[in-house]
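Worksheet: one structure, shown below.
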2 protein chains.
Amino acid sequence: MGTALNALKMLEYFSSSQPEIGLSHIARLAGLNKATALRHLRALEEFGLIEQNPQTKSYAIGPAALRLAALREIAKPGLDGARQKMQAAMHEVGESLHLTLLEKDTLQTALVVETTQHSVRVSLDPSEIIPVNATASGLCMLSFGPAFLLERLESDTLTRFTEATMTDPKIIRDRVTQIGRAGWTNSNGSFEDGVFGYAAPIFGIDQIAIGTIAIAVPEIRATSARQPLILASLHTLSKELTANFGGQMPETFPTEFHP
Amino acid sequence: MGTALNALKMLEYFSSSQPEIGLSHIARLAGLNKATALRHLRALEEFGLIEQNPQTKSYAIGPAALRLAALREIAKPGLDGARQKMQAAMHEVGESLHLTLLEKDTLQTALVVETTQHSVRVSLDPSEIIPVNATASGLCMLSFGPAFLLERLESDTLTRFTEATMTDPKIIRDRVTQIGRAGWTNSNGSFEDGVFGYAAPIFGIDQIAIGTIAIAVPEIRATSARQPLILASLHTLSKELTANFGGQMPETFPTEFHP
DNA sequence: TAACGAGGTTCATTTAATGAACCACTAACG
DNA sequence: CGTTAGTGGTTCATTAAATGAACCTCGTTA
């Protein structure tokens, strides 16, 4: 059902590591007959979503993508779309949410959606710089973000915020590899006492995290009974926000989060 | 021929002035049955090129556009694509080409492709700031670019480069309205003696020029016999480069250039 | 020279797209 | 308070378009 969709799905095979693909190759990748693959490519090309290199005859994403992206930004500026999705999640889980983005080389709070369902809630100062060693978001970023964050772990001085704060690079590195498998992490009062944080990555185009989404729960409500709901929401958000910012999930990323 | 293309063409109806469109409306715009329009939208939505606002039920460009645009930039960085197209045109007309882009509020040379076919050729210093009153590119930009360029014409001091340089704002304004109708312009040694320039606009997403493409011809080769070829190439470049940078031609723009 | 895989084409077969009529709902109006 | 006209969305017999095996041509490699 949907030839148009089948045609569009051919675009999925272009990636940063493989920005140009030949006809036979893409037909094989998509499991299509060469004839149909060619017709689809021609349709996409006419619209400008695909461009053929006249020399090599192979295909790449076309300039129409730029026009559409510009229109997208007009219709839904990045953070606007993110806020909507976070608000929806907030109503589901009834807790506050934080979106952090990697700006240059620091992790910064970009958006905070506070719960309206509880008077006891976690409030976070926006525009705060997030320590990588003390928060769920930070650890997530170390696991899925650019390598330089992990590399400079030793050279940086890691501040201790509470008793639970990790400051030993070795221990952090162990934790980071764990998170890499799980896809998410939590922090039990390692930044502020009484605050449980659950975080998951938001990926960019090259499948490297550009930020994180976190759900902050006060200790009293951080029961194991509520965890499945929180993890499900977290996973959905991770996917949706990745899409929202034009990113791509790694194939190896778990399809759901387990406690 | 091509359902996929028909589906994609629905995307054409989104614009900066109309970033969200309802089902019935877009069906009417595209001249499609509501049922087919809906199916197309659903296909585009599944791919992420369209997003439905759950509240208003109307549709807008989706986040997949961002991902594709990022991939496009990887495959063909803006100026790379432009250079290729300019090189192709250079072989056709055998003359040097200049691409200028509006950076902030000045017009700057972004790319120069020099002809390999003649030893007498026009060479231009790259990274030069282009005077709006003395060059074909500048005049083009005044005609099709942002309004502030025209507005500040009186307050700026207009340098005289040659005998032919226009320095009277009134005369320039007249010329600019002429160019607005023709779509292109030339300059006969108003910047440097012996250099004929032919220029046309490159449009951005909002149909306002973001730069220009110019063909520079030494006086000896600037015969009226060669003009049709030059104008045809210029028009093609104007369209292609507009697409290359993700822009959109105004509907009122001429479909060909006349002498 | 032969064999291979590349891009691209052809055309009988099949499958999926199409659209008129329909439903449910909302807002405006007399 | 019923009427009208506008939404968004669905249904299903009809029709038109997508499909793919086989084929062609051309450049590389053995």
Side-chain angles (χ1 to χ4, degrees), chain A residues 1-15 17-64 71 75-76 81 84-85 88, chain B residues 1-15 17-64 71 75-76 81 84-85 88:
Chain A
M1 38 132 164
T3 17
L5 188 57
N6 285 329
L8 286 170
K9 277 188 178 157
M10 303 192 68
L11 296 171
E12 303 271 49
Y13 300 99
F14 295 90
S15 66
S17 59
Q18 194 169 40
E20 289 208 357
I21 314 183
L23 171 62
S24 297
H25 191 185
I26 200 168
R28 245 176 290 126
L29 283 172
L32 293 173
N33 187 289
K34 257 196 309 181
T36 59
L38 181 61
R39 266 190 308 265
H40 285 167
L41 286 171
R42 289 267 167 85
L44 294 169
E45 188 178 18
E46 186 166 341
F47 185 73
L49 268 179
I50 281 283
E51 201 176 51
Q52 187 176 27
N53 185 324
Q55 270 92 52
T56 66
K57 300 275 181 189
S58 57
Y59 300 86
I61 301 293
L71 287 173
K76 288 237 168 119
Q84 280 182 30
K85 291 179 173 63
Chain B
M1 40 130 162
T3 17
L5 188 57
N6 285 329
L8 286 170
K9 277 188 177 155
M10 303 192 69
L11 295 171
E12 303 270 50
Y13 299 99
F14 295 90
S15 66
S17 58
Q18 195 170 38
E20 289 208 356
I21 314 183
L23 171 61
S24 296
H25 190 185
I26 201 169
R28 243 176 291 127
L29 283 172
L32 293 173
N33 187 289
K34 257 196 310 179
T36 58
L38 182 62
R39 266 190 308 265
H40 286 167
L41 286 171
R42 290 265 167 84
L44 294 169
E45 189 179 17
E46 187 166 340
F47 185 74
L49 268 179
I50 280 283
E51 201 176 50
Q52 188 176 26
N53 185 324
Q55 270 92 53
T56 65
K57 301 274 180 190
S58 57
Y59 299 86
I61 302 293
L71 286 173
K76 289 238 168 117
Q84 280 183 30
K85 291 178 173 63

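Just so we're on the same page: letters track the sequence lines, and every chain starts at 1.
At C:dG7, one or more side-chain N or O atoms of A:Ser24 fall inside 4.0 Å of OP1 or OP2 (strictly under the cut-off). Side-chain N/O atoms of A:Thr3 include none lying less than 4.0 angstrom from OP1 or OP2 on D:dA17. For C:dA6, the OP1/OP2 oxygens have no side-chain nitrogen or oxygen of A:Tyr59 closer than 4.0 Å. OP1 or OP2 of D:dT7 lies within a sub-4.0 Å distance of a side-chain N or O belonging to B:Arg28.
If you take CG of A:Asn53 and C1' of C:dG8, they are 17 Å apart, rounded to a whole angstrom. Per the geometry, CZ belonging to A:Arg42 stands 15 Å off P belonging to D:dT19, to the nearest Å. The distance from atom CG of B:Leu38 to atom P of C:dA24 is 18 Å, rounded to the nearest whole Å. Per the geometry, NE2 belonging to A:His25 stands 13 Å off C1' belonging to C:dA6, to the nearest Å. When the C1' atom of C:dA6 is taken as reference, atom CD1 of A:Ile26 falls 15 Å away, rounded to whole Å. The CG-C1' distance, from B:Leu5 to C:dA17, rounds to 15 Å in whole Å.
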Just the atom pairs and distances: protein N or O near nucleotides 13-15 of chain C's N or O, under 3.5 Å.
none

Could you list, one pair per line, each protein nitrogen or oxygen that sits under 3.5 Å from a nitrogen or oxygen of nucleotides 20-29 of chain D, together with the distance?
from   : atom 1 : to      : atom 2 : distance (Å)
D:dA21 : N7     : A:Asn33 : ND2    : 3.3

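Each end of the helix from C:dT1-D:dA30 to C:dG30-D:dC1 gets its own axis, taken as the rotation carrying the C1' atoms of four end pairs onto the next four within a five-pair window, and the two axes meet at 30° to the nearest 10 degrees.
Note that CZ of A:Arg39 and OG1 of A:Thr3 are 10.5 Å apart. Values are rounded to the nearest 0.5 Å. In this structure, the separation between CG on B:Leu71 and CD on A:Glu12 is 10.0 Å, given to the nearest 0.5 Å.
Closest non-hydrogen pair, A:Ala4 versus B:Ala7, comes out as CB-CB, 3.8 Å. Taking each heavy atom of A:Phe47 and A:Ala64 in turn, the nearest pair found is O-CB, 3.5 Å. Closest of all the heavy-atom pairs between B:Leu32 and B:Met10 is CD1-SD, 4.1 Å. Scanning both residues, A:Asn33 and A:Ala35, for their nearest heavy atoms gives OD1-N, 2.7 Å. Across every non-hydrogen atom of A:Phe14 and A:Pro19, the tightest pair is CD2-O, 3.4 Å.
Distance from the side chain of A:Gln52 is smallest for C:dG7 among the nucleotides C:dT9, D:dG9, C:dG7. Candidate nucleotides C:dA17, C:dG7, D:dT10 were compared by shortest atom distance to the side chain of A:Lys57, and C:dG7 ranks first.
Remark on DNA chain C: of its neighbouring residues A:Ala4 and A:Thr56, the 5'-side contact belongs to A:Thr56, judged by nearest-heavy-atom nucleotide. Residues A:Leu23 and B:His40 each lie close to DNA chain C; by heavy-atom proximity, the contact nearer the 5' end of the strand is made by A:Leu23.
Residues that satisfy the side chain to side chain contact (heavy atoms under 4.5 Å, CB included) test with A:Gln18, not counting sequence neighbours, are A:Ser15, A:Ile21, A:His25, A:Leu29. Partners of A:Lys34 according to the side chain to side chain contact (heavy atoms under 4.5 Å, CB included) rule, which considers only residues two or more places apart in sequence or in another chain, are A:Leu23, A:Ser24, A:Ala27. By the side chain to side chain contact (heavy atoms under 4.5 Å, CB included) test, A:Glu51 pairs with A:Pro63, B:Arg72, B:Lys76, B:Lys85, sequence neighbours left out.
A:Leu49 places a side-chain heavy atom less than 4.5 Å from the side chain of B:Leu8.
Put simply, the side chain of B:Glu45 never gets that close to the backbone of B:Ile50: no donor and acceptor are under 3.5 Å apart.
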